[in-house]
Amino acid sequence: MTKIGIVGAGAMGSVYAALLGRAGHEVWAIDVWDEHVDAIARSGLTITGASGSDVVTSLRVGRSPADAGPCDVWLIATKADDVENVAAQIAPLVTDDTIVVPFQNGLGAGERVARHLPDHHIVLGIAEGFGSSIPEPGHVHHNGMRLIRLGELRGGLSERVAALERTWRAAGFQVKAFADVTAMVWEKFLCNVTLSAPCAVFDVTVGELMGDPDCWSVALGCADEAYRLGAATGVAFGFTDPRRYVTEFSATIPDASPSMRLDHLARRRSEIDVINGQVVELGRPLGLATPYNEALCAVARRRESRFVA
C-alpha cells in the first residue's frame, strides 16, 4: 500500500482519488472546497462514467498537505496558478524517497515545482481523454479514460517511474511511461490548445465543436500554430499530421467540456495564459504568427475581466 496525497480534489483529482483509493492505497483528498471535502468525509466519493459506478468510502480528507503529513507520493492536481503555493506547502513534508507529480494543463508545471523542491523528486504527469466534471459535491463523473502519461522531469526512464506505472495500471488506468518528457508534454499541450479556448469561447462541448465546420476550422488553426511552435523549438513529435492527431483524440470525448469552458460557465478565471496564451507568448520572439490563438485569448480574457473576482 502506498500513501498518496492528492492536492486539488477537483474533477481530475477526484478521479485519481477514487480509483487509487479503491485499489487499496491510503489516499488523502486535499482541497479547500469545504462542501466537496465534507461530502467525501461524510458519505464517501461517488464516481461514475467510463470506469463504472462506485462509492469509495476509504478516502481521508484534509484542507492542506500538513493534514496528511509525509506521503510516499504527492499528486498536485490544482490549477496552474496554485502549483507553486502547493509545492511550497509540500516541501517541508518531503523525505528522501518522496515523489511529487504535478498534473496540470499547459506548460511549465514541473519547473514551477522545481522552484521549491529538488529536481530528483519530480515526475511529470499528463492525463488525457477523461472529460471529467463534478456534478455535485462528493460526486465525480468522467466521460472517457484514455491515458495517463508519466515521465521524469529531466527525461529518461527510471525504476520509480516504472513502479508508478504499475501502481496506476493496477488501479484501472491506462498508463504509459515516457523517456522523452518534452514530447510527452507537448503532445497533450497540442490537444489542450485545440479544445480549451475554442470550447470556452464558442461555449460548446468537444463534439459540438467538431460538428460545427466553422468552429472546428478555428480549433484546427490553433493546433497548427502550436505544432509549428513546438517544431520550431525542437520538439520531437511522434507524428507529422497534427490535425489528424487532435481529431482522433477529440473524437474519443465528444461529450466532454474542457476545464476552461467549465471555468467560464462558473464565471471563474481560466488557465488561458498557460494554454493558448503560451502559443502566443512563446511564438512572438520566434517571429511565428499565431492569429487564431491570439484572437481567442483576447475574447477569453475580455470575458473573464467581467467575472466577479
Undergrad: Can a salt bridge be assigned to the pair Asp81 and Arg269 using a cut-off of 4.0 Å between side-chain N and carboxylate O?
TA: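 Salt bridge flag = no for Arg269 with Asp81.
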
Undergrad: Please determine whether side chain to side chain donor-acceptor pair (under 3.5 Å) holds for the pair Glu136 and His36, giving the CA-CA distance in whole Å, both sets of side-chain angles, and the decisive distance to 0.1 Å.
TA: CA-CA 8 Å; Glu136 60 185 346; His36 188 49; over 6 Å; no

Undergrad: Same cluster or not: Leu195 versus Val299, using hydrophobic residues (I, L, V, M, F, W, Y) connected whenever any side-chain heavy atoms lie under 4.5 Å apart?
TA: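 Result: yes, single cluster for both.
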
Undergrad: Measure the shortest side-chain to side-chain distance between Thr205 and Cys199 over non-hydrogen atoms and say whether it is less than 4.5 angstrom.
TA: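 Heavy-atom side-chain distance check fails, nothing below 4.5 Å.
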
Undergrad: Below 4.5 Å, heavy atoms only, C-beta onward: do Leu45 and Ser14 meet side chain to side chain?
TA: yes

Undergrad: Is Met145 linked to Leu75 within one hydrophobic cluster, defined over Ile, Leu, Val, Met, Phe, Trp and Tyr using a side-chain heavy-atom separation of less than 4.5 Å?
TA: yes

Undergrad: Go through the steps to decide whether Asn105 and Ser196 satisfy the test side-chain contact (heavy atoms from CB on, under 4.5 Å), and finish with yes or no.
TA: CA-CA 10 Å; Asn105 292 322; Ser196 293; 5.5 Å; no

Undergrad: Check step by step if side-chain contact (heavy atoms from CB on, under 4.5 Å) holds for Gln278 and Phe189.
TA: CA-CA 10 Å; Gln278 283 291 287; Phe189 179 64; 3.9 Å; yes

Undergrad: My understanding is that only one of Ser132, Ser51, Ser133 makes a side chain to side chain donor-acceptor pair (under 3.5 Å) with His142; could you say which?
TA: Ser51

Undergrad: State plainly whether the residues Arg268 and Glu304 are in salt-bridge range, i.e. N to O under 4.0 Å.
TA: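 Here Arg268 does not pair with Glu304 in a salt bridge, since their nearest N and O are not under 4.0 Å apart.
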
Undergrad: Does the pair Gln174 and Ile148 meet the rule for a side-chain contact (heavy atoms from CB on, under 4.5 Å), with working shown?
TA: CA-CA 6 Å; Gln174 298 294 323; Ile148 295 290; over 6 Å; no

Undergrad: Check for me, please, whether Leu282 and Val193 land in the same ILVMFWY cluster - side-chain distances under 4.5 Å, paths through other members count.
TA: yes

Undergrad: Can Leu147 be reached from Ile253 by stepping across I, L, V, M, F, W or Y side chains whose heavy atoms are under 4.5 Å apart?
TA: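 Different clusters.
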
Undergrad: Could you walk me through whether Thr290 and Glu225 pass the side chain to side chain donor-acceptor pair (under 3.5 Å) check?
TA: CA-CA 6 Å; Thr290 56; Glu225 291 172 2; 4.7 Å; no

Undergrad: Do you know which two heavy atoms are closest between Ala80 and Val274, and how far apart they sit?
TA: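 Smallest interatomic distance, heavy atoms only, reads CB-CG2, 3.8 Å.
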
Undergrad: So among Ile30, Val15, Val27, which one has a side-chain contact (heavy atoms from CB on, under 4.5 Å) with Ile6?
TA: Val27

Undergrad: Are a donor atom and an acceptor atom from the side chains of Asn293 and Asn276 found within less than 3.5 Å of each other?
TA: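 Judged by distance alone, the side chains do pair up.
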
Undergrad: So how far is it from Trp33 CH2 to Ile40 CD1, rounded to the nearest 0.5 Å?
TA: 9.0 Å

Undergrad: Can you see which heavy atom on Gly13 is nearest to which on Ala77, and at what distance?
TA: CA-CB, 3.8 Å

Undergrad: Do Pro102 and Ile122 come close enough that some side-chain heavy atom pair is under 4.5 Å?
TA: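 When only atoms from C-beta onward are counted, Ile122 and Pro102 do touch, with a gap below 4.5 Å.
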
Undergrad: Please determine whether residues Val101 and Phe178 belong to a single hydrophobic cluster, defined as Ile, Leu, Val, Met, Phe, Trp and Tyr linked transitively by side-chain heavy-atom distances below 4.5 Å.
TA: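 Different hydrophobic clusters.
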
Undergrad: Can you say whether the rings of Phe237 and Phe239 are parallel (under 30°), tilted (30 to 60°) or perpendicular (over 60°)?
TA: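 Answer is tilted, since the angle falls between 30° and 60°.
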
Undergrad: I'd like to check Val73 versus Thr98 (side-chain heavy atoms, cut-off strictly below 4.5 Å). Are they in contact?
TA: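 Result no, sub-4.5 Å side-chain heavy-atom pair not found.
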
Undergrad: Can we say Lys188 and Glu128 salt-bridge, meaning some charged N sits less than 4.0 Å from an Asp/Glu carboxylate O?
TA: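 Judged by the 4.0 Å cut-off on N to carboxylate O distance, Lys188 and Glu128 do not form a salt bridge.
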
Undergrad: Decide, yes or no, whether a salt bridge links Arg63 with Asp31 under the criterion of side-chain N to carboxylate O below 4.0 Å.
TA: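 No.
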
Undergrad: Output yes when a side-chain donor or acceptor of Glu271 lies under 3.5 Å from a complementary backbone atom of Lys79, and no otherwise.
TA: no

Undergrad: Check the orientation of Phe173 and Phe130. Use parallel for under 30°, tilted for 30 to 60°, and perpendicular for over 60°.
TA: tilted

Undergrad: Would you please indicate yes or no on a ring centroid separation below 6.0 angstrom for Trp168 and Phe103?
TA: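 Close enough - the centres of the two rings lie under 6.0 Å apart.
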
Undergrad: Taking NZ, NE, NH1 and NH2 as the nitrogens, is one of them in Lys3 or Asp72 under 4.0 Å from a carboxylate oxygen of the other?
TA: no

Undergrad: Less than 4.5 Å apart, any side-chain heavy atom of Val279 and any of Leu288?
TA: no

Undergrad: Any chance you could measure Met184, atom CE, to Leu150, atom CG, to the nearest 0.5 Å?
TA: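 The CE atom of Met184 sits 7.0 Å away from the CG atom of Leu150.
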
Undergrad: Quick check: does any side chain N or O of Arg303 sit under 3.5 Å from a backbone N or O of Val201, one acting as donor and the other as acceptor?
TA: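 Yes, the answer is positive, given that a donor and an acceptor are paired below the 3.5 Å cut-off.
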
Undergrad: Any salt bridge linking Lys176 with Glu165? Criterion: basic side-chain nitrogen under 4.0 Å from a carboxylate oxygen.
TA: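 Not counted as a salt bridge, because no side-chain N and carboxylate O are separated by less than 4.0 Å.
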
Undergrad: Roughly how far, to the nearest 0.5 Å, is the OG1 atom of Thr95 from the NE2 atom of His121?
TA: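 If I round to the nearest 0.5 Å, the distance is 7.5 Å.
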
Undergrad: Just verifying a value: how many Å separate His141 NE2 and His139 NE2, rounded to the nearest 0.5 Å?
TA: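 It is 7.0 Å, given to the nearest 0.5 Å.
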
Undergrad: Do the side chain of Thr2 and the main chain of Ile4 share a donor and acceptor less than 3.5 angstrom apart?
TA: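 No; judged by distance alone, with no hydrogens or angles, the pair does not exist.
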
Undergrad: Within a strict 4.5 Å, meaning less than it, do heavy atoms of the Gln104 and Thr78 side chains meet?
TA: yes

Undergrad: Distance-only, no hydrogens or angles: does the Thr247 side chain make a donor-acceptor pair with backbone N or O of Arg244 under 3.5 Å?
TA: no

Undergrad: How close do Pro254 and Thr252 get, counting heavy atoms only, and between which atoms?
TA: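 It is CD-C, 3.4 Å.
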
Undergrad: Run the salt bridge (Lys or Arg N to Asp or Glu O under 4.0 Å) test on Arg160 and Asp97 for me, step by step, so that the C-alpha distance in whole Å, both residues' side-chain angles and the decisive distance to 0.1 Å come before the verdict.
TA: CA-CA 10 Å; Arg160 69 175 184 171; Asp97 297 326; over 6 Å; no

Undergrad: So, for Ala88 and Pro92, which heavy atoms are closest and what is the spacing to 0.1 Å?
TA: O-CD, 3.3 Å

Undergrad: CH2/Trp74 to CG/Leu117 distance, rounded to the nearest 0.5 angstrom?
TA: 11.0 Å

Undergrad: Does a sphere of radius 6.0 Å around OH in Tyr292 hold more than 12 heavy atoms from other residues, nucleotides or ligands, not counting ones at 6.0 Å or beyond?
TA: no

Undergrad: Are the side chains of Tyr245 and Cys191 in contact, using a 4.5 Å heavy-atom criterion?
TA: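 In contact.
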
Undergrad: Between SG of Cys297 and CD1 of Ile272, what distance do you get to the nearest 0.5 Å?
TA: 4.0 Å

Undergrad: Less than 4.0 angstrom from a charged side-chain N to a carboxylate O is my criterion; do Glu111 and Arg115 meet it?
TA: no

Undergrad: Tell me the closest heavy-atom pair linking Thr194 and Leu190, and the distance in Å.
TA: OG1-O, 2.7 Å

Undergrad: Counting only N and O atoms by type, is there a donor-acceptor contact under 3.5 Å from the side chain of Asp54 to the main-chain atoms of Val56?
TA: no

Undergrad: Can you name the closest pair of heavy atoms from Val161 and Ala177 and give their distance?
TA: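 The answer is CG1-CB, 3.5 Å.
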
Undergrad: If we only count heavy atoms from C-beta on, is the Phe307 to Asp263 side-chain gap below 4.5 Å?
TA: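 A side-chain contact is absent here, since even the closest heavy-atom pair is not under 4.5 Å.
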
Undergrad: Any side-chain to backbone donor/acceptor pair from Ser53 onto Gly49? Under 3.5 Å, distance only.
TA: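 Not confirmed, Ser53 side chain does not pair with Gly49 backbone.
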
Undergrad: Check whether any side-chain N or O of Asp67 sits under 3.5 Å from a backbone N or O of Ser64 as a donor-acceptor pair, and report yes or no.
TA: yes

Undergrad: Taking the basic N atoms (NZ, or NE/NH1/NH2) and the acidic carboxylate oxygens, is any pair closer than 4.0 Å for Glu159 and Arg166?
TA: yes

Undergrad: What do the steps show when you test Arg261 against Asp203 for side-chain contact (heavy atoms from CB on, under 4.5 Å), and what is the final call?
TA: CA-CA 7 Å; Arg261 184 192 183 213; Asp203 191 19; 2.9 Å; yes

